[in-house]
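Quick note: numbers below take in every heavy atom, side chains included, and nothing from hydrogens, waters or symmetry partners.
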Amino acid sequence: MARKRELAAIRAAKARKKRRRRKRLRAVILFLETVILLMLMGTAYVMAKYDKFQRVNIDKDAIEVNEGIELEGYTTIALFGGDSREGQLEEGTHADTIIIVSIDNESKEIRMASIYRDTLLRQMNDTYRKANNAYFVGGPEEAINMLNKNLDLDIEDYATVDFKAMSDVVDLMGGIEITVTDAEAKMMNKYIGETAKAAHKKANELECGGTYKLDGPQAVTYSRLRKLEGGDYKRTERQRTVIKKLFEKITTTDISTINEIIDTVFPQVSTSFSLKKILALASALMDYSLGDSTGFPFEKADGIDYPEAGDVVVAQGLAENVKELHEFLYPHKVNEEVSDTVQMISEEIALETGVVRPPELDEEPEEDEEDGNADTDSYEDGDSYEDTDVSEDSGGNVRPYADTADAEFMEE
C-alpha cells in the first residue's frame, strides 16, 4: 500500500514538473511571438512612412569618387537646402544650402561643414562655376559628383529639403530658442512676410534683438539672412545653428510629435536613402552626438569676378583647404595627401583666378598662439560680399539667380 502511494506521489510530481515546463515553454513562445509582432509592426510602420519620401534612386555606378579615396569608418552624407516653393527638389532647383555631414560609425559623432554656395569649383563638364550650379544643372547626382571630385569625398547618399519643410519642423517641435542681434531682428522683420506667405503661415515680427523662441517662418528667415556683416559666411553659421537646435529637440521629442513631423515633412524631402539605411540610422538615433561644425573653404578670397559665374569665393589653395576639411570631418583618420585630381583642380583655379595661397598661411604657429574655434566661420569685417549671384540653366546660359516676384529675398 505504501509502495502504491509512493509511486502515485512520484507520478504526480512528474506531472507537475511537466506542466511547469509547458507553462515556461508557452511563456517563451508568447514572448518571442510578441517580439516578432512588434518587429513586424515597427518595420511596417517605417515602410509606410518611407513611402512618403520623394525617393530618388541614384545609380551607384554613376557616382564618381577620386582614385585612392578611402574613408572607412565614416559615413558621409550631403544635405541640400532647396528654394523650391512647389515641392520640386530635382534639377532646376537652386541648392542654397550645401552641408557635408560626416558620421563616425563607432563613436556616432556627427560633424558638419557648410560649403559656401559661391565657392568656385570644377563642374562635371570641366568648366568652373559656383558650387550650387551643379545641383541646378544636374540635380543631386551631379551635385554629389561635383563635391566628390573637388573635395576628395565618397558621398553616395543625400537628402534635400525646401525651406517650407524646415518651417514645418520648427513649428511642430514648438519653436527653437535663438539669440538674435538688433540688426538680425530688423532684417528678419523685412522679409518675414515673404517667408510666411510661402509657408502658408502667419508672420510674427520681432520687437528688437534678444533671445526668442522662434517659430517656423522666423527660424527660416533667420537662417537665410545674408545682407548683413559676414554675408554668406555668417549665413551658413546661422543655418547650422538652426540644425543644432532642432537636433537637440528631436532627441527628446515624444513619439506622437515625431509621427506628425514624419507625416508633414517627409513628403517635402527628396532623398536617395534606401529603407535599409533609414532603419540603420534610425535605430541608433539616441546614440548620436552633434560635434563641431565649420564653413568651407577655410582660407579664401571673395569679391572675385569670374567669367560666366559672377562674384565668387575662391579657396586660397584648394588642395590645402581640402586637407584641412578632411582633418576636421574625419579626425580619427590618418592624414593623407589630396588626390591628383584635387591637386590639378587646385592648380587650375589658381591659374584661372590669380588667387594664390599666401606663404604665411602654412607657417608653423608660435607655441603661445591658440587655434581658432572650429565652430565659428571666419570672415573679415571689411569683406565685400555683393549679392550678384547668377546661375546657369542646362543650356549654359547665364540667368538671374531667381525669377520669382520674391527675387530679393531669394538672394538672401
Side-chain angles (χ1 to χ4, degrees), residues 79 81 83 96-99 112-114 116-118 161-250 252-253 290-295 300 302-303 313 372-387 389 402 406-412:
L79 297 182
D83 66 6
D96 284 350
T97 301
I98 305 172
I99 298 178
M112 296 186 296
S114 299
Y116 302 128
R117 71 175 195 176
D118 291 343
V161 299
D162 61 20
F163 62 86
K164 182 182 182 303
M166 180 70 77
S167 177
D168 288 339
V169 171
V170 172
D171 282 339
L172 288 168
M173 297 185 73
I176 53 176
E177 191 173 281
I178 289 179
T179 300
V180 301
T181 65
D182 287 332
E184 288 171 335
K186 183 178 179 180
M187 190 67 73
M188 286 171 65
N189 289 341
K190 181 178 180 180
Y191 294 111
I192 188 67
E194 295 174 13
T195 308
K197 181 180 178 181
H200 309 295
K201 299 176 184 289
K202 180 182 177 181
N204 297 306
E205 295 187 355
L206 303 179
E207 292 183 5
C208 58
T211 300
Y212 295 90
K213 180 170 281 190
L214 301 184
D215 62 25
Q218 289 171 338
V220 171
T221 306
Y222 169 81
S223 70
R224 294 178 66 81
L225 295 179
R226 187 185 189 193
K227 294 180 180 178
L228 291 170
E229 181 182 351
D232 196 43
Y233 309 144
K234 190 67 177 176
R235 176 172 71 163
T236 62
E237 186 180 327
R238 294 189 191 97
Q239 291 169 351
R240 296 195 304 275
T241 296
V242 170
I243 292 174
K244 287 180 181 179
K245 294 290 184 179
L246 288 173
F247 181 86
E248 290 169 1
K249 294 200 76 171
I250 195 69
T252 58
T253 300
L290 203 54
D292 291 338
S293 66
T294 191
K300 53 199 173 293
D302 58 12
V313 174
N373 187 345
D375 196 38
T376 304
D377 293 321
S378 62
Y379 55 87
E380 299 297 331
D381 291 346
D383 278 348
S384 170
Y385 207 84
E386 300 297 328
D387 289 271
D389 197 358
D406 299 320
E408 184 179 4
F409 177 64
M410 300 316 296
E411 282 292 334
E412 285 297 293

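Take T211 and apply the side chain to side chain contact (heavy atoms under 4.5 Å, CB included) test, not counting sequence neighbours, and it matches E177, T179. S167 is linked by a side chain to side chain contact (heavy atoms under 4.5 Å, CB included) to D171, A199, K201, P217, V220, counting only residues two or more places apart in sequence or in another chain. Here M188 pairs with V180, L206, L214, Q218, T221, Y222, L225 under the side chain to side chain contact (heavy atoms under 4.5 Å, CB included) rule; sequence neighbours left out. Residues satisfying the side chain to side chain contact (heavy atoms under 4.5 Å, CB included) test with I243, not counting sequence neighbours, are I99, M112.
The two atoms that bring I192 and N189 nearest to each other are CG2-O, 3.5 Å, heavy atoms only. Nearest heavy atom pair, residue G209 against residue A185, reads N-CB, 3.9 Å. Here the closest heavy-atom approach between residue A219 and residue V242 is recorded as O-CG2, 4.1 Å.
Applying the salt bridge (Lys or Arg N to Asp or Glu O under 4.0 Å) definition to pairs two or more places apart or across chains, none involves residues 208-220.
No more than 12 heavy atoms of other residues, nucleotides or ligands sit less than 6.0 Å from atom NZ of K186.
Judged by distance alone, the side chain of D232 and the main-chain N or O of R235 form no donor-acceptor pair under 3.5 Å. For the pair R240 (side chain) and T294 (backbone), a donor-acceptor distance under 3.5 Å is present.
No side-chain heavy atom of R226 sits less than 4.5 Å from a side-chain heavy atom of D96.
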**Prompt:** Can E194 and K197 be said to form a side-chain contact (heavy atoms from CB on, under 4.5 Å), step by step?
**Reply:** CA-CA 5 Å; E194 295 174 13; K197 181 180 178 181; 5.7 Å; no
**Prompt:** Should L246 and V170 be marked as a side-chain contact (heavy atoms from CB on, under 4.5 Å) after you check the CA-CA gap, both sets of side-chain angles, and the distance that decides it?
**Reply:** CA-CA 7 Å; L246 288 173; V170 172; 3.9 Å; yes
**Request:** Step by step, work out the side-chain contact (heavy atoms from CB on, under 4.5 Å) result for Q239 and L79.
**Result:** CA-CA 12 Å; Q239 291 169 351; L79 297 182; over 6 Å; no
**Request:** Check the pair K234, E237 against salt bridge (charged side-chain N to carboxylate O under 4.0 Å, His left out), reporting the backbone distance first and the verdict last.
**Result:** CA-CA 5 Å; K234 190 67 177 176; E237 186 180 327; 3.3 Å; yes
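From E184, atom CD reaches atom CE of M187 across 10.0 Å, with rounding to the nearest 0.5 Å. The CD1 atom of I178 lies 11.5 Å from the NZ atom of K244; values are rounded to the nearest 0.5 Å. The distance from the OG1 atom of T181 to the CD atom of E229 is 9.0 Å, given to the nearest 0.5 Å.
Residues D302 and Y233 bring a donor and an acceptor atom of their side chains to less than 3.5 Å of each other.
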